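Inspection log for the structure reproduced underneath, given as structure tokens.
The shown structure was predicted, so the numbers you read here are calculated from the model rather than taken from an experiment. Only this structure's heavy atoms are used, side chains among them; waters, hydrogens and symmetry mates stay out.
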Amino acid sequence: WLRERNQRATFDRQPGRPMAMNLVADGALRRERGSRFRYDRAGHVVAIADLAVITGASLVCGAVSGFLRDGVFAFMPDSAGLGILFAVLFVLLMQIRGLYRPVALLRPLRQVSNALAFWIAITAFLTALGFAFKAGHMVSRAAPISFVLVGFALVAALRFRWHGWMRRAL
């Protein structure tokens, strides 16, 4: 009886509607239609989270740097521009390499190593671009340098967190 109960999976699917899946307490796989988190959309959620975290890290580093320099927390448009550009380039490169697929998200060490390679490449590209356009004084400030360090630490930590959430969901 117990083996039959654990191997039982319920399917609730209407034609043309994708299924969501979740695990129940007895270990059986139950599929339901509804607003639950879907495994195949995990990459979209992670990409949006990456965009938000990278942009937010840039804004916070810019504000802290401005506070330490001027004594006032202020919105820095340079930090916002850097964060948005960095985030878009990072997410596009990760998407091109297929690192937002759910199977790839289950390998956090591979995610972090690829993220580090992309992070270094984007940093080098934007630094070269900044100096080429005579904006080196903006690139060499404390805000962009601290953003590169803090931003990658947050992205790497999130990779391990997503791995834990997805393993628990499976």
Side-chain angles (χ1 to χ4, degrees), residues 18 20-22 35-170:
M21 56 184 188
N22 62 353
S35 62
R36 294 188 186 263
F37 178 77
R38 288 188 24 205
Y39 179 74
D40 60 337
R41 299 239 174 122
H44 300 293
V45 174
V46 175
I48 291 169
D50 282 347
L51 285 168
V53 165
I54 293 170
T55 304
S58 178
L59 289 172
V60 168
C61 288
V64 169
S65 173
F67 178 74
L68 293 175
R69 186 180 61 236
D70 302 330
V72 177
F73 278 111
F75 175 73
M76 309 231 355
D78 297 339
S79 295
L82 175 67
I84 291 169
L85 182 60
F86 208 100
V88 168
L89 289 173
F90 181 78
V91 169
L92 287 175
L93 286 173
M94 294 288 279
Q95 178 65 32
I96 288 170
R97 292 283 297 176
L99 296 171
Y100 285 122
R101 289 179 295 137
V103 174
L105 290 170
L106 290 172
R107 293 186 273 177
L109 292 178
R110 182 170 183 252
Q111 286 279 318
V112 170
S113 65
N114 282 310
L116 178 62
F118 292 143
W119 201 267
I120 291 170
I122 294 169
T123 301
F125 173 71
L126 291 179
T127 302
L129 202 62
F131 282 110
F133 287 121
K134 307 288 186 205
H137 64 284
M138 298 171 110
V139 174
S140 61
R141 288 190 176 169
I145 294 170
S146 62
F147 159 67
V148 168
L149 299 174
V150 170
F152 180 72
L154 288 173
V155 167
L158 276 177
R159 288 295 179 259
F160 286 105
R161 194 68 196 133
W162 286 116
H163 173 259
W165 284 331
M166 288 183 67
R167 270 187 73 89
R168 198 171 333 126
L170 291 176

Subject >> L59: side chain to side chain contact (heavy atoms under 4.5 Å, CB included) partners, not counting sequence neighbours >> reply: T55, F75, A80

Subject >> Taking every non-hydrogen atom, the tightest pair across A49 and W162 >> reply: CB-CZ2, 3.6 Å

Original post:
Between CD of Q111 and OH of Y100, what distance do you get to the nearest 0.5 Å?
Top reply: 8.0 Å

Subject >> Within 6.0 angstrom of R97 CZ, more than 12 heavy atoms from elsewhere >> reply: no

Subject >> Distance (rounded to the nearest 0.5 Å) between F67 CZ and D70 CG >> reply: 10.5 Å

Subject >> Pairwise side-chain contact, L158 with L154, heavy-atom cut-off 4.5 Å (strictly under) >> reply: no

Original post:
Quick one: CZ on F118 to OG on S113, what's the gap to the nearest 0.5 Å?
Top reply: 9.5 Å

Original post:
Below 4.5 Å, heavy atoms only, C-beta onward: do P144 and L82 meet side chain to side chain?
Top reply: yes

Subject >> From I54, I120, T123, V112, residue fulfilling side-chain contact (heavy atoms from CB on, under 4.5 Å) relative to F152 >> reply: V112

**OP:** With the side chain counted from C-beta on, respond yes when V46 and M94 share a heavy-atom pair under 4.5 Å apart, and no when they do not.
**Re:** no

**OP:** Heavy atoms only: give me the nearest V155-A115 pair and the separation to one decimal.
**Re:** CG1-CB, 4.5 Å

**OP:** Can you see which heavy atom on S79 is nearest to which on G62, and at what distance?
**Re:** OG-CA, 3.2 Å

Subject >> Intermediate values then yes/no, side-chain contact (heavy atoms from CB on, under 4.5 Å), L89 and L126 >> reply: CA-CA 10 Å; L89 289 173; L126 291 179; 4.2 Å; yes

**OP:** Would you give the length of the straight line joining atom CZ of R107 to atom CZ of R101, rounded to the nearest 0.5 angstrom?
**Re:** 7.5 Å

Original post:
Does L106 reach the side chain of R167, with side-chain heavy atoms less than 4.5 Å apart?
Top reply: yes

Original post:
CD1/I145 to SG/C61 distance, rounded to the nearest 0.5 angstrom?
Top reply: 11.0 Å

Original post:
Going by the angle between their ring planes, with limits at 30° and 60°, are F147 and F86 parallel, tilted or perpendicular?
Top reply: perpendicular

Original post:
Which pairs count as salt bridge (charged side-chain N to carboxylate O under 4.0 Å, His left out) when at least one residue sits in residues 49-64, sequence neighbours excluded?
Top reply: D50-R159

